[in-house]
Amino acid sequence: MSRFKIFNTLKDNKETVDKISDDNNKSLHKDISKNISEVKQMLGNSFDIVTREIKIGETNSIEAVVIYTDGLVDKDLVHNYVLETLMIDVRKAESEKKINSDQELYNFIKNSTLTTVELKEIDIFPDLYHHLLSGDTIVLLNGFPKGFAVGSRGWEDRGVQEPSSQQVVRGPKDAFTETLRTNTALIRRRIKDPNLWIETQKIGKKTQTDVAIAYINGLVTEDIVLEVKQRLNKIDIDSILESGYIEELIQDEAYTPFPTMYNSERPDSISAGLLEGRVAILVDGTPFVLLVPALFIDFFQSSEDYYQRSDIGSLIRLLRFFAFFLALLTPSAYIALTTFHQEMIPTTLLTSIAAQREGVPFPAFIEALIMEITFEILREAGVRLPRAVGSAISIVGALVLGQAAVEAGIVSATMVIVVSLTAISSFVSPTYNMAISVRMLRFGFMILAATFGLYGIILGLILMVLHLTGLRSFGIPYLSPMAPLAVGEQKDALIRAPLWMQTRRPKLISQKDKIREKTEKPKPTRQ
Amino acid sequence: MFIAIIVLLLSLILFRFEYSQVKKLKSKKDKWTLLVGFVIGLYCAISLPLDLPVPHMNRVMDQLVGPIAKPIATMLQSFRIK
Amino acid sequence: MNQKVVHLLCIVVLCISLTGCWSSRELSELAIATALGIDKHEDGYKLTVQIMNPGEIAGRQLTTRAVVTTYSTTGKTIFEALRRLTTITPRKIYLAHLRIIIFGQELMEEEGLANSLDFISRDHELRTDFSLAIAKDMSAEDLIKVLTPIEKVPADKIFSSLKTSQDNWAPTKVVMLDELISSLTSPGKQAVLTGLYISGKPETGNHIENVQQVDSPAKVHLDHIGVFKGDKLVGWLNESESKGFNYITDNVLNTVGWVECDQTGTISVEVFKSNTKLTGLADNGTPKITIDVKSEASIGEVACQIDINDEKKLTEIEQKLEKKIEEIVNGSIAKAKEFNSDIFGFGDVLRRFEPKKWETWKENWSEEFQNIEITVNADMKIRRTGTTTESFIGKIEQKKEKDE
Amino acid sequence: MSEKVRISGAQFAILVIMNVLGTAIIIVPSIAASFGQQNGWFSVLLATLFGIGLVFLYYLIDNNHPNKNLYEQLEDLFGKWIGKFLSVLFIVFFFEIAIGNLRVMGDFIITQILVNTPIEVIMLLAVITCLIAVRMGIEVISRTAEIFFPYTVIAIILLITLVLPESEITHIQPVLQNNIAATLAGVIPLLGYPFLELVVMLAIMKHVNKQKAGRGFLVGMTIGGLLLTVVTLMCLVVLGSDITARNVYPTYVLGKKISVADFLDRIEILVAIIWFFTIFFKITISFYVVAIGVSHTLNLKNYKTTTIPLAYVIMVFGFFASPNIISTRIFLSSTWIPVSLIFGLVIPIVMLVVGFVKKKI
């Protein structure tokens, strides 16, 4: 675990803080002891709030107090640049007879003593609480109804590690962390463009979570940024603990099994999205960054597609789409074929399936349902269990259950194959949330297949596509560039064309600054 | 009978939902159309399980344009393979 | 906005889905029929169905129970008989995987094909990829009951040997349903069906011993083609006539032919490519058909003293082969004329080449068929001689002479 | 009232193709072969040429009144009351298309695919799906069509190429030698079904870009007609005219003929199910057009108001549309011919003439 020093810009928090604490705009008292007792009372004498009462100066000695939240501050910084300067430097200066009045002392402390980058004057309690609880150090002087908030944020932090989801073989291995500053820094390190703008605001009445929206000015369509801001401003909730809260509160369509916002903990994916003119939403406290607008195909693209040769990338992408349909339809197709359309199965295959099903007591649908649900339970158990036992148990469970169930004649071997094929296919999806949608929809398709065979499946597919075409993500049709068809966009949809062919940015997302590159097809310069 | 009741119940739920949508349009005509439409629709819906009379569209058309259609049909029939 | 309604409707869809599974049939409720036999009976028809026992074919523990079972019933119509079968079969009979339908000879001779075919073509469960055949001189029931070695399902055996013999030997023909129907309905063509019969001891055919012995006592043979007139069976083509039939209808994929050498002995050739072109012509009002058979062959066996390195000799063999093909073809036509049945579709050929004249001939085509003038031109090319050139038989003969 | 949305020229072309193929793809070969026998494909080709001619008529009409749908045009041309009366007639015509196709679809599914399922349920499911589509609007419908179009075309092309080895050219010989009169007579029922039914597109043409509408219509009609011709031709070449005419659904029988290396066979249900897309879009478009027609005639605020009641009516009238499959075939080659001629040809020509006269004045 590395230790990170976080310096926040203090000024832009003012408005939000004001907004939230309209009802409680209480000013600071002149009397320092009153202030201290009020703070202590308000915070319920919490033991992590440290108050250090000191006296500043020799002649014009003033009572002062330094308050900070233990654990959120960089103690070295408080020690070296706040306490030490206040207690030693002021005294030195005073001995040189520069300071005559309390007011001068106040100004001297403000202008010359506190040698930190961030310093802000505060005069109301809500401000004080906010800064105190964000990790700033508060310095109050007796006789002044105001004080200082010294930027001293620094807390234990997980550090940049490999992403736990969306792994790649080739490509950067860093991932976002729980700290907003680190995350913005990770993006900045990739895009050194002055037009990368990051705006923050606080959402959540209780949590006061920092939510930042990042975009590249000049690439992004202003409407989308405006839309994002408006939707964010509409949120009225007491807590934001993860970007999932934001996603659920601002997505276009509330009732849809499909994700309409992309999330990733990979800085390279997010940067690539920003460079296409999308807007990223970063939430403090989670490594998962949201990206909007998100299209259906985005959930089948991995950042690795771009780091490999284009032919490999394209084939793998096609494979993912194929796996999507396998994961969605394999069990339902099996049910439809074995209970409705036996004539479609080649005779020899039918014979062996029939032989296996001979002793199975359940209808194919129930059998499939049992196996699918068992598998879902196993998978869920595998995810939640301690990592050391999780995967082992799930594999063993699947093997034992599958094998034993077949041996006992409760399920047929074919069904085990079908379920494992489905399971493997659903793991192919590079994004977790699309895989979950597929897992849910699969059961709907199974019911349709069990009652109407292929006819039911086709109706289900039509309904699904109708729903998908009706969806929008921040105004962009979800199924574009397939429907509405944009021929030019096909270079980076189902397949991934070579980089030198993708000269233009996706025009659906942004109409501005269309040309991405002008690289010609590579060839040796010397003929 | 049982099916008819189920159909009616489902339709009423559907009507409730739809009516609340149409109400938002603030148009009297829309409301009335929906109401009348649903009455016709419900008649149709329960006519299936209860065997109520419903016009056979093809026969209605046959009767309407029969005088013109007959000669064409006989003419065509003469060309048909036997 | 209308999302609520849409969801309600989706729920309705799922509700309907959950309440009924009208058409579904579990695999374990089905009796998969592989062959169907139709015989004449005093009640109307006698139907025999061969049902496979999947557990015996692909199960994990195979027992010595038979892999197929047969059931028979009678009925006024085939449809009725089929449904009556459910009174004796444990499951519903599923016909989509049928491999073969066999008609009894008696039925074909007396009743005709038409009535049986309608059900077969109308039923949705029946596909068109099964073949049809006739049980020669026996009832279809007996034939269906025979167990066969190697291919576990007897119907599969018949189906695959029909196919392989059509592909490699030529005197049989796989007749599928639509072809049969179109030749039955076409005025310029008569139908044919391959004949099957059992050799050996037919009575042991339905015992498991039949497949337990190295040399099965009862074997299914197929080497005759049944000729129809209208929809009634009128006679049989023997092996060589059947081959001639296949030459004319361009149905020879690969076959073997032989000719005698100058001396004693024979040369066999493998015909690996054969194309037949039929052309029709109205010559002074009489129909005329030209049959051009173009074949390519390779020498497969030389059982006499002959120098096949000699081109002249090769040409001689070619000419002999051509003559033989012509003979076979003519023999076949003569037989067809004897039955007065245009199984080759000469009428169809004339319809294509002389559509106007055909209209006049169409009415009494069976008479015109007798007068039809037929020219056969066979053209045989020997392309290869196998892996050896000159046969060693000559050497052996010389050695023999020396020894003597 | 209709929505203010745009659909692209390509989407319009796809909708036209879907409307031409519709249910026609499964029964047209049979109708064509029952007249022209081995020349049946020529009847379809002639009908296609006629259809292409129709495109120009419809294009001219639309060009006179851009940004107006059929019902608005009728009121513009003939005044409010006559216009409304004609609109009602057109609505009945489109309604008949919707229920007729629904019924044919239901008959097809229960004859070939789900035999023991009640036809009401099959139709009900289809109607509910159409209803959801119609409520989502023409934009979503055309985009969905765009998604499914490739699969439809691939299915047809696969069908054609996979049965090619089974084809025998002798089945369609002699080419155009006899049966000429019957071949020409065979064009007549094909005009009504499906080509004259394309007048339905006039009601949604205003959503298409003016320049692209005509081209889309032409391309769609040509491709659709040619596909129909080729499918008919394949039926004749593979099955022969007799079986093609005799079968209710010859294209499905054609699908049964697919067999690649004894492995890729028995897939006709898959092929048939994919054709279901075309039928679905045909019913949906007719349903949609009826819905906007009713709401236009009654001056409603939103066409969605009428959709649910209409779904009930379409479902039940579809069920009672025809007592059996034979009567549908008779209906298509008798009554439907004058009806479709009136709505697809006579009234449009009158509209065109009146439009020109009005412009002159």
To the nearest 0.5 Å, what is the distance between CZ (D/Phe319) and SG (B/Cys44)? 12.5 Å
Is a donor on one side and an acceptor on the other found under 3.5 Å between the side chain of B/Asp30 and the backbone of D/Lys301? yes
For D/Phe331 and B/Met61, the nearest pair of non-hydrogen atoms, with its separation, is CE1-CB, 4.0 Å
What part of D/Thr306 is in contact with chain B, defined as an atom under 4.5 angstrom from a non-hydrogen atom: side chain, backbone, both or neither? side chain
Using non-hydrogen atoms and a 4.5 Å limit, figure out which bit of D/Leu298 sits close to chain B: side chain, backbone, both or neither. both
Choice from D/Pro309, D/Gly100, D/Ala185 maximising heavy atom contacts with chain B below 4.5 Å: D/Pro309
If you tally heavy-atom pairs under 4.5 Å between each of B/Ile72, B/Ile68, B/Val22, B/Val54 and chain D, the highest tally belongs to B/Val54
Given heavy-atom pairs under 4.5 angstrom as the criterion, report whether the side chain, backbone, both or neither of B/Pro55 touches chain D. both
side-chain contact (heavy atoms from CB on, under 4.5 Å), that's the test. Do B/Met57 and D/Phe95 meet it? Break it down for me. CA-CA 10 Å; B/Met57 273 306 274; D/Phe95 180 73; 4.0 Å; yes
Chain B-proximal positions within residues 334-346 of chain D [heavy-atom distance under 4.5 Å]: D/Ser334, D/Thr335, D/Trp336, D/Ile337, D/Pro338, D/Val339
Begin with the C-alpha distance, continue with both residues' side-chain angles, and end with the deciding distance and a verdict on side-chain contact (heavy atoms from CB on, under 4.5 Å) for B/Lys29 and D/Thr305. CA-CA 10 Å; B/Lys29 231 176 211 173; D/Thr305 310; over 6 Å; no
Would you mind reporting whether B/Phe38 and D/Ile308 have side-chain heavy atoms less than 4.5 Å apart? yes
Would you say D/Glu96 and B/Asn58 make side-chain contact, with heavy atoms under 4.5 Å? yes
Given side chains that start at C-beta, do those of D/Pro189 and B/Leu76 come closer than 4.5 Å, heavy atoms only? yes
Test log, rule side-chain contact (heavy atoms from CB on, under 4.5 Å), inputs D/Tyr312 and B/Leu14: CA-CA 12 Å; D/Tyr312 277 98; B/Leu14 199 65; 4.0 Å; yes
Check each atom of B/Thr74 against the heavy atoms of chain D and say whether the ones under 4.5 Å are side chain, backbone, both or neither. neither
Over 12 foreign heavy atoms within 6.0 Å of CZ, D/Phe42: no
Using the side-chain contact (heavy atoms from CB on, under 4.5 Å) rule, take D/Asn302 and B/Gln21 through it: C-alpha gap first, then chi angles, then the decisive distance, then the call. CA-CA 11 Å; D/Asn302 193 331; B/Gln21 302 289 338; over 6 Å; no
